[in-house]
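What follows is a set of notes on a single structure, which appears directly below.
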Amino acid sequence: MIFEVLTIFPDMVESAFRTGVTGRASGEGIIELDTVNIREYSTNSYGSIDGYTYGGGAGMLMQCEPVFQAYEEAVKRLSARRPVSDKEDDEIKTRVIYMTPVGEVFTQDKAKELAGEDELIFLCGHYEGIDERVIDEIVTDRLSIGDYVLTGGELSALVVMDAVSRLIPGVLKNDESALTESFNTGGLLEYPQYTRPDEWHGKKVPEILLSGDHAKVDNYRMHEMRRVTKEIRPDLYTKYMEERGIF
Ligand code: ADE
């Protein structure tokens, strides 16, 4: 998987991505990140890439041309990295994901879908957004990471890249991927977990987990998943029950 990120803060994206699990995996060449600095494609001598909004309104918008040229640079770089034997370049339509609160909400299912791609381009907006015409011309998907507004799309692109990366074979080591995690459990949240010591601040690890009886442990964990989900995310719990015809 190759991620191309169009941004005015390449250092922010690079430093977060090169840290931790994604950093290790990119060091091993399993996933790759490349950034294109939109600011380098300013069309004026001041180096600005934003302008006032037609029709009035607060704030500035990112202009079409710098965004478009950054996109073309990313497309060119992706094409240069592909093996010659691959399909003709013009047959390949790399998805371009615009990170915006005005987008489809990102979910684990979407992460699975995106993990099936070989390349992804992320467009990170700033100021009050981006001129609609360039979005219309290059963007294939608009994604939001939740119902709140960030100062820019970099953090949200990092969230999506992280969630997608960990689904790519080899990114997580065996012990990490073996975890039974939330949203990989038929829609229930993960059960609480414990490690040594078996008593801390007077709090004991549930007896059953020390019993060595695997069937009982599995049963207990399933019970805990349902309890936690019902309490913390009743919406997910209802969906889970409905999907199983329990209501
Ligand atoms: N940019 C600003 N806010 C955002 C959000 N909630 N999701 C994705 N990108 C954003």
Side-chain angles (χ1 to χ4, degrees), residues 1-22 31 33-42 48-71 73-74 94-117 119-168 182-183 189 232-233 235-236:
M1 169 69 81
I2 304 174
F3 299 114
E4 283 282 348
V5 182
L6 318 180
T7 170
I8 58 169
F9 294 131
D11 292 350
M12 177 181 179
V13 177
E14 295 274 353
S15 71
F17 191 84
R18 308 264 176 235
T19 307
V21 174
T22 49
I31 51 177
L33 169 72
D34 185 41
T35 53
V36 182
N37 190 345
I38 301 173
R39 201 172 283 290
E40 287 176 14
Y41 300 89
S42 165
S48 74
I49 53 153
D50 56 333
Y52 294 105
T53 314
Y54 281 124
M60 308 284 271
L61 278 189
M62 279 165 83
Q63 293 170 306
C64 290
E65 193 56 21
V67 171
F68 186 67
Q69 285 189 21
Y71 162 75
E73 173 62 23
T94 309
R95 284 168 82 170
V96 180
I97 302 169
Y98 174 37
M99 299 311 306
T100 168
V102 191
E104 179 188 340
V105 176
F106 182 61
T107 59
Q108 189 65 22
D109 281 345
K110 197 75 187 175
K112 282 185 203 148
E113 180 195 317
L114 295 176
E117 301 284 332
E119 311 165 339
L120 290 171
I121 299 175
F122 287 90
L123 170 58
C124 306
H126 261 270
Y127 316 111
E128 290 308 302
I130 301 180
D131 188 313
E132 189 67 21
R133 293 168 294 181
V134 71
I135 298 173
D136 188 50
E137 194 145 320
I138 66 173
V139 166
T140 58
D141 303 75
R142 299 179 196 232
L143 283 188
S144 163
I145 60 161
D147 292 338
Y148 41 81
V149 183
L150 303 169
T151 55
E154 283 74 14
L155 287 171
S156 50
L158 282 161
V159 165
V160 175
M161 288 192 286
D162 191 283
V164 168
S165 294
R166 61 186 291 293
L167 299 177
I168 292 168
S182 305
F183 303 108
L189 301 180
I232 297 175
R233 290 290 302 274
D235 57 323
L236 291 181

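Every number for a ligand or one of its atoms is a count from 1 in the order of the listing.
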_As a test of reading the model: which residues have a non-hydrogen atom less than 4.0 Å away from ligand 1?_
M99, T100, P101, L143, S144, I145, G146, Y148, V149, L150, G152, S156
*Could you check if a side-chain atom of L167 sits within less than 4.5 angstrom of a side-chain atom of Q108, using non-hydrogen atoms only?*
yes
_Residues E65, R133: salt bridge by 4.0 Å N-O rule_ = no
_Atom pair CD1 (I97) and CD1 (I121), whose distance is rounded to the nearest 0.5 Å_ = 9.5 Å
*What is the distance from atom OH of Y98 to atom OG of S144, rounded to the nearest 0.5 Å?*
11.0 Å
Throw together a table of side-chain donor-acceptor distances under 3.5 angstrom for residues 5-16, partners on residues two or more places apart or in other chains.
from: T7; atom 1: OG1; to: F9; atom 2: N; distance (Å): 2.7
from: T7; atom 1: OG1; to: E154; atom 2: OE2; distance (Å): 2.5
from: E14; atom 1: OE1; to: R18; atom 2: NE; distance (Å): 3.0
from: E14; atom 1: OE1; to: R18; atom 2: NH2; distance (Å): 2.8
from: E14; atom 1: OE2; to: T35; atom 2: OG1; distance (Å): 2.9
from: S15; atom 1: OG; to: D11; atom 2: O; distance (Å): 3.2
from: S15; atom 1: OG; to: M12; atom 2: O; distance (Å): 3.4

*Apply salt bridge (charged side-chain N to carboxylate O under 4.0 Å, His left out) to R142 and E104, showing your working.*
CA-CA 6 Å; R142 299 179 196 232; E104 179 188 340; over 6 Å; no
